[in-house]
Protein chains: 2
Amino acid sequence: MQQTRVRRPRIADVAEAAGVSKAAVSFAFNNPERLKPETADRIRVVASELGYRPHPVARMLSAQRTMTIGVLTPQPLSQVFANPFFAYFAEGVSSVTEEHGFGLLLISPLRGSLTRALDRATVDGVVALGLDENHPEIEAIRRASVPMVLVDAPGWVEHSSVQVDDEAGARAAAEHVVGLGHRDVLIIAVEGPVANPSPDEGPNGGQEIGESVTARRLRGYLSALEPAGLEVGPGSIVVAPATFEGGEAAFLRAWEDGFRPTAVLAMSDALAIGALQASRHLRLRVPRDLSVVGFDDLPIGRFSDPPLTTVHQPVRRKGEEAARLLLDGLGARAGSPAQHRMLKTRLVVRRSTGAPPAGAGREEVGLGE
Amino acid sequence: MQQTRVRRPRIADVAEAAGVSKAAVSFAFNNPERLKPETADRIRVVASELGYRPHPVARMLSAQRTMTIGVLTPQPLSQVFANPFFAYFAEGVSSVTEEHGFGLLLISPLRGSLTRALDRATVDGVVALGLDENHPEIEAIRRASVPMVLVDAPGWVEHSSVQVDDEAGARAAAEHVVGLGHRDVLIIAVEGPVANPSPDEGPNGGQEIGESVTARRLRGYLSALEPAGLEVGPGSIVVAPATFEGGEAAFLRAWEDGFRPTAVLAMSDALAIGALQASRHLRLRVPRDLSVVGFDDLPIGRFSDPPLTTVHQPVRRKGEEAARLLLDGLGARAGSPAQHRMLKTRLVVRRSTGAPPAGAGREEVGLGE
DNA sequence: CGCGTTTACTGAACCGGTTTAGGACCCGAG
DNA sequence: CTCGGGTCCTAAACCGGTTCAGTAAACGCG
């Protein structure tokens with residue numbers, strides 16, 4: 001009974017069985033109007049009896065397009081998915097790719113190399129998330145000359161881009177906190193894939209980190225904190241992966257190091273919610289004892305207790321715009337100029353921020369722990 | 001300057017430029033040991049000068065494999081990503097596919113048809129999430145005979161499966177709540193892609209819903225509630241999409257309909273957290289006035305306030321196991337028997353559940369609103 | 001020097017479709 | 001009867017690689 005691996009029927013098999021040419025079979029599926037209706041029907045019947053399905057790879061090769069677009073991330077997918085941000089971004093991308101009948105391929109480093117992954121990827125174009133100039137393989141990626149839209153990275157001449165005004169958003173967050181009277185603020189930065197490339201671990205590392213999202217947001221924070229005369233010392237910036245756990249651990253670590261902030265500026269909502277949890281462990285009340293500001297404005301921020309003050313960025317729309325730009329570029333004959341979109345951010349004040357506690361300003365407030 | 005669309009160099013171009021055959025070029029990349037070292041080097045130099053990259057689609061066609069696996073979801077991706085559950089599952093899948101050098105393609109219905117999407121998908125195998133017998137295209141999908149591992153669906157003879165003991169988990173949740181003394185419990189079910197196919201809207205719709213996850217969990221709940229003499233009336237089961245917003249809205253809706261539960265059994269953590277938020281709006285204190293139990297045990301459950309009592313299921317591991325099973329099956333010569341894994345669930349009691357309030361049992365407790 | 005073996009490479013078939021140019025046939029008009 | 005035109009279908013080229021069988025030259029060796 002068990003056939004020794006029945007070979008998948010191919011177009012030639014159908015053609016033979018139906019007594020027509022391969023071309024006729026192809027037409028029956030793709031240009032039925034070129035055949036006599038009854039012929040087309042007969043071919044389709046035969047095809048279905050044989051269980052024939054056109055081989056998608058062969059079709060791609062011949063058609064010279066894959067009807068698939070890629071989402072490129074410099075981190076392994078297991079890391080990418082850990083940040084809820086990605087789901088919303090992907091939701092945006094997929095909503096427009098789906099509408100246009102494109103599939104979605106996730107592209108992450110293959111055995112350490114993004115270039116290798118990109119070379120293997122069967123896509124018509126790519127939405128690259130957080131791929132900045134500092135990426136070690138950036139030149140190779142550029143040379144691959146796959147149609148590409150950059151997200152959260154400054155665009156290049158040849159590639160369109162979708163950005164968000166990270167710096168202004170971060171500044172607004174910091175100004176809010178300064179305006180409430182806080183003097184001791186902890187910054188929780190997201191541990192980028194592109195870590196600070198220079199060995200110099202200076203806290204004002206804006207320059208070294210390069211134009212990553214982290215760098216831009218940090219610049220935004222500092223541009224509000226420094227003019228207000230707040231010293232942002234080495235201990236007041238901690239770095240963590242953009243996850244709940246990361247935020248919790250980061251805050252706890254800072255606390256153990258003796259830092260007693262009255263406000264936290266977190267570079268993502270996930271980090272902020274982690275910090276919220278950490279503060280609960282330490283029996284700090286938010287916002288009475290501690291103010292927390294996030295970044296992203298993911299739905300989860302509305303559902304935390306208290307609801308999170310955060311910087312809104314249109315995450316879903318970023319995905320949509322990027323996908324649209326990419327598809328437009330694919331449709332247009334080559335030579336259409338790159339477009340660069342800068343989307344706005346805005347501070348959303350909810351209930352996780354308030355005035356600092358009365359006794360603040362000294363290092364030893366003696367709360368909790 | 002602007003060349004009229006410089007054609008991508010192909011292997012023949014490299015061969016000609018290097019004065020060798022196509023085969024030699026191919027060897028230079030894939031079997032360098034078959035060439036004299038200097039020849040291989042020379043070819044590679046020429047190739048790189050021309051900017052040659054082997055065409056991935058052609059390679060797939062020839063190699064008869066794509067080195068890509070698909071994750072198939074019956075819902076549009078925009079819906080799929082809205083449930084945080086998916087990110088963790090995908091994390092699991094991707095961790096093993098990445099390790100083996102496989103890419104990840106997301107497969108969702110194409111213009112309404114999953115079959116169409118599957119036929120277009122260039123994958124060596126598929127992990128199908130929540131694809132149960134009731135799916136209208138199930139027969140066509142089966143016939144496609146793509147290597148497939150079913151997740152959260154009973155396996156078929158020909159396909160391996162990874163499941164979780166939903167029924168036992170749900171029963172444990174309900175028993176916990178009953179054990180605490182609750183009599184008025186609200187069930188928030190997830191609105192499946194496969195909604196109840198029969199028009200009969202009976203509340204005990206376990207049968208009609210078929211073997212979906214929702215059906216299994218509902219059976220589990222009822223198997224603990226009914227023996228305890230709790231009546232599970234029409235008003236006590238509400239349905240919502242598995243998102244934060246869905247849970248919030250569902251609870252509010254039930255409340256407006258006059259239902260006054262002292263406990264909520266939610267079929268996902270996202271729903272539970274939404275319910276938590278709704279209870280805050282209504283000024284119900286959890287767990288004093290209301291107990292809430294989730295399902296999944298996603299990290300977010302640890303970070304809610306109060307931390308969520310929930311049914312743990314190994315979401316990440318489900319993804320890993322499915323991917324592993326699939327890859328094993330691909331490696332093995334055909335005929336290796338399907339394997340079926342049933343993973344355990346367990347109740348994790350945190351702080352969102354407690355005894356019902358003293359005055360409970362009557363419908364009009366007069367709390368909040 | 002002659003013969004068998006290696007080495008280094010090539011030509012052609014193959015993967016499974018799509019598409020273009022054109023052939024066979026039939027019809028109606030001149 | 002012939003010619004133009006339309007209909008329906010086919011042969012062959014093509015997409016861009018990999019691989020198998022085979023060959024020519026170099027090599028080892030008695």
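Chain letters run A, B, ... following the sequence lines, proteins first and then strands; every chain starts at 1.
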Legend entry - Residue closer to the 5' end of DNA chain C, B/Gly19 versus A/Ala23 (nearest nucleotide):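 The residue closer to the strand's 5' end, by nearest nucleotide, is B/Gly19.
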
Legend entry - Along DNA chain C (nearest heavy atom to each residue), the more 5'-positioned of A/Arg34 and B/Ser62: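 Going by which nucleotide is closer to the 5' end, it is B/Ser62.
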
Legend entry - Atom of B/Pro74, atom of B/Leu114 and distance for their closest heavy-atom approach: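 Looking at all heavy atoms of both residues, the closest pair is CA-CD1, 4.0 Å.
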
Legend entry - Closest non-hydrogen atom pair between B/Pro9 and B/Leu50, with its separation: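 Smallest heavy-atom distance, with atoms named: CG-O, 3.4 Å.
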
Euclidean distance, atom [atom1] of residue [X] to atom [atom2] of [N] [Å, nearest integer]:
X       : N      : atom1 : atom2 : answer
B/Lys22 : C/dA13 : NZ    : P     : 12 Å
A/Phe29 : C/dG17 : CZ    : P     : 9 Å
A/Asn30 : C/dG17 : CG    : P     : 11 Å

Inset, instruction - With DNA chain D as reference, determine whether B/Val57 or B/Phe27 sits nearer its 5' end, using the nearest nucleotide of each. - result: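 Going by which nucleotide is closer to the 5' end, it is B/Val57.
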
Just call it for [X]: base, sugar-phosphate, or nothing, with non-hydrogen atoms closer than 4.0 Å on any strand.
X       : result
B/Arg53 : sugar-phosphate
A/Val20 : sugar-phosphate
A/Ala63 : nothing

Legend entry - Aromatic ring pairing B/Phe86/B/Phe89, orientation class (parallel under 30°, perpendicular over 60°, tilted between):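 Rings of B/Phe86 and B/Phe89: tilted, as their planes differ by 30° to 60°.
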
Legend entry - Proximity to DNA chain C (any heavy atom under 4.0 Å), residues of residues 35-51 of chain B only: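 Going residue by residue through residues 35-51 of chain B, the ones with a heavy atom under 4.0 Å of DNA chain C turn out to be B/Leu35, B/Lys36, B/Thr39.
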
Legend entry - B/Tyr52 and its side-chain contact (heavy atoms from CB on, under 4.5 Å) partner, picked from B/Val46, B/Asp13, B/Ile11: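 Exactly one candidate clears the test, B/Ile11.
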
Inset, instruction - For a side-chain contact (heavy atoms from CB on, under 4.5 Å) with B/Leu325, tell me which candidate from B/His340, B/His159, B/Arg341 qualifies. - result: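 Considering B/His340, B/His159, B/Arg341, a side-chain contact (heavy atoms from CB on, under 4.5 Å) with B/Leu325 is found only for B/Arg341.
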
Inset, instruction - Decide yes or no for B/Glu137 and B/Arg116: does some side-chain heavy atom of the first lie under 4.5 Å from some side-chain heavy atom of the second? - result: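 No, their side chains stay 4.5 Å or more apart.
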
Legend entry - Span of DNA chain D, from the first to the last nucleotide whose atoms fall under 4.0 Å of chain A heavy atoms: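 Boundary nucleotides touching chain A, in 5' to 3' order, are D/dC8 to D/dG16.
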
Inset, instruction - Begin from the C-alpha positions of B/Glu139 and B/Arg142 and carry the test salt bridge (Lys or Arg N to Asp or Glu O under 4.0 Å) through to its verdict. - result: CA-CA 5 Å; B/Glu139 259 316 311; B/Arg142 226 162 179 154; 3.7 Å; yes

Legend entry - Electrostatic pair B/Asp124:B/Arg65 at N-O distance under 4.0 angstrom: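 Looking at B/Asp124 and B/Arg65, the cut-off is not met.
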
Inset, instruction - Run the numbers on B/Arg44 and B/Asp41 for salt bridge (Lys or Arg N to Asp or Glu O under 4.0 Å), then give the verdict. - result: CA-CA 5 Å; B/Arg44 274 194 290 259; B/Asp41 285 346; 3.1 Å; yes

